[in-house]
Amino acid sequence: MARNEEKAQSMLYRFREAQAAELGLGTRADRRPKMASACKSLRECERWRGEILRELSRKVSKIQDAGLTDYEVRDVNDEINKLMREKRHWENQIIALGGANYRRNVAMLDDDGKEVPGTKGYKYFGRAKDLPGVRELFQSKKKEEEEESEALSFYKKFTNQGPAYFGDLDEADGKLLGYERQAEETEWRDEYTNVREILDLPLDDPIPEIPRGSLASSSPLPPNGLSPPQHLSNTKRKAQEEDVEMDTANSEAEKRLRKAESDNTTKADVSSHGGADSIRAHATTAAAYLGFLSPEDLMPPTLPTREEMEGVLLALRKQALVEEYFGE
């Protein structure tokens, strides 16, 4: 009878040992630990991960077999997912021991290049994608993506629109401004006639024009609505060229402003009397049409001067200091 050492050297024994190692079987001391955290050797963790990868390769090749029934395909797919979870545990343990990071978040793509549903949890391999329940899952996912693409294409035509879409170029041709001006004048005449009827004033007097500002007579926008007028661009160009002389110009402008302020104070005293007379004449004329108001009621209020305001503020400040230190 052959001894154990001789049996271990036989060809049949070595073949059985290699076959058991390939199938994931082996001696009790050489079996893969159930808990990856129990292994404290980086080299052993790399070894068990490589073994799991070989088992995954065999299982993925097996699930492609057309002779398997649907139940067997489901069982093999479950085993593959179980090995994938175990491989993830060993990869985490390798990272914890300071090894390489094998966890790469690579999305699984189908034939159309789209992400396969279920890639973040339970995965389907080979013939498992053609199972009755799984086929509907893929079709529903594809239908949802088509609906989302249709909705996106519907709303995409409303994005990235130019200024004409938002009405910024409506006044470029001048037609809208002309229509608004005509409607404004019509409304002005109607309201002016209504006011005369309410105040019992004669209706034969000519209707005055609408008091318009300087912006009303300005030229409309250019046809494209984008480029500024030529005189503005020339002004900007000249301003850029004259930046060097701004310091001296500012000092001269300040001197002129101070001189103008001193001149305006003297002129204001002279012209205040004439302005007050014209205001009183307008108030008297308006009071002639309004019998229930006197010219004094239509006069603008008299505003206090700067010296009077300073005197009032100084008196209030003194009163506050007296109340703070001496009481009421």
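Computed from a prediction, not measured in an experiment: that's the story for all the values here.
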Please name the pair of heavy atoms, one in [X] and one in [Y], separated by the smallest distance, quoted to 0.1 Å.
X: L176; Y: D173; answer: N-OD1, 4.4 Å
X: G126; Y: Q64; answer: CA-NE2, 3.3 Å
X: M84; Y: L56; answer: SD-CD1, 3.8 Å
X: A283; Y: P295; answer: CB-O, 3.7 Å

Working to the nearest 0.5 angstrom, can you tell me the gap between [X] [atom1] and [Y] [atom2]?
X: M299; Y: T284; atom1: CE; atom2: OG1; value: 8.0 Å
X: D70; Y: D75; atom1: CG; atom2: CG; value: 11.0 Å
X: E187; Y: E180; atom1: CD; atom2: CD; value: 12.0 Å
X: E91; Y: C45; atom1: CD; atom2: SG; value: 11.5 Å
X: Q93; Y: M35; atom1: CD; atom2: CE; value: 9.5 Å
X: L177; Y: E171; atom1: CG; atom2: CD; value: 4.5 Å

Report yes if some heavy atom in the side chain of [X] is under 4.5 Å from a heavy atom in the side chain of [Y]; otherwise report no.
X: H282; Y: L298; value: no
X: W90; Y: P33; value: yes
X: M11; Y: R16; value: no
X: I207; Y: W188; value: yes
X: D65; Y: L68; value: yes

Worked verdict on K34 versus E86 for salt bridge (charged side-chain N to carboxylate O under 4.0 Å, His left out):
CA-CA 9 Å; K34 293 184 179 179; E86 190 174 356; over 6 Å; no
S294 and D297: side chain donor to acceptor below 3.5 Å
yes
Could you check whether Y122 and N77, counting side-chain N and O atoms only, form a donor-acceptor pair closer than 3.5 Å?
yes
Between T69 and V73, does the side-chain contact (heavy atoms from CB on, under 4.5 Å) criterion hold? Intermediate values first, please.
CA-CA 6 Å; T69 62; V73 171; over 6 Å; no
Tell me, please, which residues at least two apart from E184 pass salt bridge (charged side-chain N to carboxylate O under 4.0 Å, His left out).
R212
The salt bridge (charged side-chain N to carboxylate O under 4.0 Å, His left out) partners of E79 (sequence neighbours excluded) come to K59
Quick one: name the residues clustered hydrophobically with I94, using the 4.5 Å side-chain heavy-atom rule over I, L, V, M, F, W, Y, and just say none if it's on its own.
L42, L97, Y102
Decide side-chain contact (heavy atoms from CB on, under 4.5 Å) for E72 and I63; before the verdict, give the C-alpha distance in whole Å, the side-chain angles of both, and the deciding distance to 0.1 Å.
CA-CA 9 Å; E72 293 175 345; I63 203 172; over 6 Å; no
What's the verdict on side-chain contact (heavy atoms from CB on, under 4.5 Å) for Y179 and R181, showing C-alpha distance, side-chain angles and the deciding distance?
CA-CA 5 Å; Y179 176 77; R181 185 185 295 272; over 6 Å; no
Verify salt bridge (charged side-chain N to carboxylate O under 4.0 Å, His left out) between E46 and R49, making sure each step is shown before the conclusion.
CA-CA 5 Å; E46 296 278 0; R49 179 181 176 275; 5.1 Å; no
Quick one: side chain to side chain contact (heavy atoms under 4.5 Å, CB included) partners of L201, sequence neighbours excluded?
R196, L199, Y289
Only counting residues at least two apart or in another chain, list the ones meeting side chain to side chain contact (heavy atoms under 4.5 Å, CB included) with I95.
N101, R103
Check: K175 side chain, A172 main-chain N or O, donor-acceptor pair, under 3.5 Å
no
Treating S57 as the side-chain partner and L53 as the backbone partner, does any N or O pair qualify as donor plus acceptor under 3.5 Å?
no
Between R32 and E55 (salt bridge meaning N to carboxylate O under 4.0 Å), is one present in this structure?
yes
Would you say E197 has more than 12 foreign heavy atoms packed within less than 6.0 Å of its CD?
yes
Verify the neighbour count for atom CD of E296: are there more than 12 heavy atoms of other residues, nucleotides or ligands below 6.0 Å?
yes
Tell me which donor-acceptor pairs under 3.5 Å the side chains of residues 308-319 have, and how far apart each pair is, sequence neighbours excluded?
from, atom 1, to, atom 2, distance (Å)
E308, OE1, T305, N, 3.3
E310, OE2, R306, NE, 3.4
Q319, NE2, E323, OE2, 3.4

